[in-house]
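We're numbering straight along the sequence, starting at 1.
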Amino acid sequence: MKNKKVLALVAATALSFSAFPHFAGAVSDRAIQEKRNEIYDIRAKQSTVQEKINHADQAIKKLQSQQKELSEEIKKLDLAVEETSGKIRNVTADIDQTEQDIKQLKKEIAEVEARIEKRNEILKERVRSLQESGGVISYLEVLLGSQSFSDFIDRMSAVTTLFEADKQIIREQQADKALKEKKENELTEKRNRLQKNLEELKQLQQQLNKQMDEKNRLMANLKQKEEEHHSHKMALKEEQELLKKQEAAVKMQLQQLEEQKRAEEEARRRAAVQSKRTSQPQHTYSAPASVESAHDDGGDSASSNVPAVTSGAFMRPANGPITSGFGYRSFDNEFHPGIDIGKRGSVVPVVAAADGYVFRSYLSSSYGNVIFITHVINGQVYTTVYAHLDARLVGEGQRVHKGQVIGYMGNTGESTGPHLHFELHRGQWNPAKSNAVNPLNYIN
């Protein structure tokens, strides 16, 4: 009975090796320490990310405070602009009234000019009469031609009346001319003064409007910076969450290594006690039914489009043409950290490129529906990313095997068309994607 227990434990140890192929071979203390170091590194990164989030929060609060102060200044400017606009309206109304007065004055001046012109005709006629009759002598002839003293008195009164009439005409003529000149000068001066005031007020309004534009531009700049900080903060939050998932994944890997090592030590101890037995029974590992059934998701059309499992560390994650390769692209001069596989078919399954552990499965603003899987192959950590999925069939914390359907190709997130964006990182994923490698160099 004791021998049977030992055989069972040894078989369990062998089974654990086959269940976790990425941990094949004896587990060393160094491998366990490396996993612990990975956890320390991830925690250090989490601390750094948290500091960046705190700085982003402080920057956002500062920008919001500046916006509040700027809003008060803009309100004051608004009141000043409103007051200036009211003054401009009043001055404009005065100018309009002055223009009406000028029109009325022109009409009056025209009447005065008509009177002046009429008097000019009278005076011209008088001058012609005087010239023809010899000037002043004609008045003497009128007086000397009187028949009696009474007639002389009458003639003298008539001459005096005519002379006074001539003098009155000249006085009225001079007065009208002076009035005309005075009114024209007065209204011209008033109009020039009002126009000058209007120009000054318009300049003030332009100055205030310029200040308003500057303040508005500054406000828009502050708002844009705030939005940028918010976006940066969101990206940091996403990175923080991703680091937490990575830490959980590495912890699970560490736990599995420790458990495997304990099983190996126990197996060796039991084997030493039962040294007479030199052979061990072979056991094969069958995948759980739930895992195998993943190939059948999506119906006949989907299962017929599942890529065949190939040899090598990684396999192709989906069928379809490579529409964009790894590296810098000429059309946008940006670094493409993966490859794009075009969608050819109504339903295109996406499979795990290698055995691994799903440490992130969520809807990202940029990646869309995305799945992150961590792998350990020959002691090396790898991370694969499957982005823009139409649907995700695996969740966080789930173990997947090579060729298992994990989702379907789609067009979610920042995508310009239906395709799979596939990334392969030699090491942990990071926002800078400094560990990204060309997947085609690893796929058989």
| query | Distance-only, no hydrogens or angles: does the S361 side chain make a donor-acceptor pair with backbone N or O of V394 under 3.5 Å? | reply | yes
| Check ion pair E334-R329 (N to O, under 4.0 angstrom) | no
| Distance, nearest 0.5 Å, that separates CG of L393 from CD of Q404 | 9.0 Å
| Is the side chain of H419 donor-acceptor paired with the backbone N or O of N411 at a distance under 3.5 Å, no angle test? | no
| Does atom CG of N333 have more than 12 heavy-atom neighbours, drawn from other residues, nucleotides or ligands, at distances under 6.0 Å? | no
| message | What I want to check is whether the side chains of T188 and N192 have a donor and an acceptor closer together than 3.5 Å. | response | no
| request: Give a yes or no on whether Q195 atom CD has more than 12 heavy-atom contacts from other residues, nucleotides or ligands under 6.0 Å away. | output: yes
| query | Which distance, rounded to the nearest 0.5 Å, do you find between the OG1 of T374 and the OH of Y357? | reply | 9.5 Å
| V351 and P307: which non-hydrogen atoms are nearest, and at how many Å? | CG2-CG, 3.7 Å
| query | Any luck finding a side-chain donor-acceptor pair between R392 and N369 under 3.5 Å? | reply | yes
| query | So, the side chain of D57 versus the backbone of K61: is there a donor-acceptor pair under 3.5 Å, distance only? | reply | no
| query | Quick one: CG on N441 to CG on L424, what's the gap to the nearest 0.5 Å? | reply | 9.5 Å
| message | Is the shortest side-chain heavy-atom distance between T383 and I373 below 4.5 Å? | response | no
| message | The test is side chain to side chain contact (heavy atoms under 4.5 Å, CB included); show your working for N305 and V347 and say whether it passes. | response | CA-CA 8 Å; N305 203 11; V347 179; over 6 Å; no
| F422 and F314: aromatic ring centres closer than 6.0 Å? | no
| Which atom of G403 lies closest to which atom of V306, heavy atoms considered | O-CG1, 4.5 Å
| Contact check, side chains of N438 and I339, non-hydrogen atoms, under 4.5 Å | yes
| query | Any side-chain donor paired with an acceptor under 3.5 Å for H421 and D340? | reply | yes
| request: Check step by step if side chain to side chain contact (heavy atoms under 4.5 Å, CB included) holds for V385 and I371. | output: CA-CA 6 Å; V385 181; I371 296 172; over 6 Å; no
| remark: Of all heavy-atom pairs linking P317 and Y386, the shortest is CB-CE2, 3.9 Å
| query | When rounded to the nearest 0.5 angstrom, what distance separates CG in N435 from CZ in R426? | reply | 9.5 Å
| How are the rings of F372 and Y367 set to each other: parallel, tilted or perpendicular (split at 30° and 60°)? | perpendicular
| Close side-chain approach of H336 to F326, heavy-atom, < 4.5 Å | no
| said: Looking at N430 and A432, would you say the former's side chain and the latter's main chain have a donor-acceptor pair under 3.5 Å? | reply: yes
| Least distance between heavy atoms, L420 atom then M409 atom | N-CG, 3.6 Å
| request: Measure from the side-chain N and O atoms of K343 to the backbone N and O of S346, and report whether any donor-acceptor pair falls under 3.5 Å. | output: yes
| task | First locate atom CG of D355, then atom CD1 of I377, and finally report the distance between them rounded to the nearest 0.5 Å. | result | 8.0 Å
| Main-chain N/O of A178 paired with E181 side-chain donor or acceptor, under 3.5 Å | no
| What pair of heavy atoms forms the shortest contact from K433 to P337, and how long is it? | CD-CG, 3.6 Å
| request: Please report the closest heavy-atom contact between S415 and H388, naming both atoms and the distance. | output: CB-ND1, 3.8 Å
| task | Could you tell me whether the side chains of N54 and Q58 share a donor-acceptor contact shorter than 3.5 Å? | result | no
| said: Evaluate I341 against R316 for side chain to side chain contact (heavy atoms under 4.5 Å, CB included), listing each step before the verdict. | reply: CA-CA 10 Å; I341 301 176; R316 188 183 182 91; 4.1 Å; yes
| request: Determine whether V350 and L389 make a side-chain contact, defined as any pair of heavy atoms from C-beta on separated by less than 4.5 Å. | output: yes
| said: So if I apply the side-chain hydrogen bond (donor to acceptor under 3.5 Å, both in side chains) rule between T384 and each of E423, H375, H425, which one comes out positive? | reply: H375
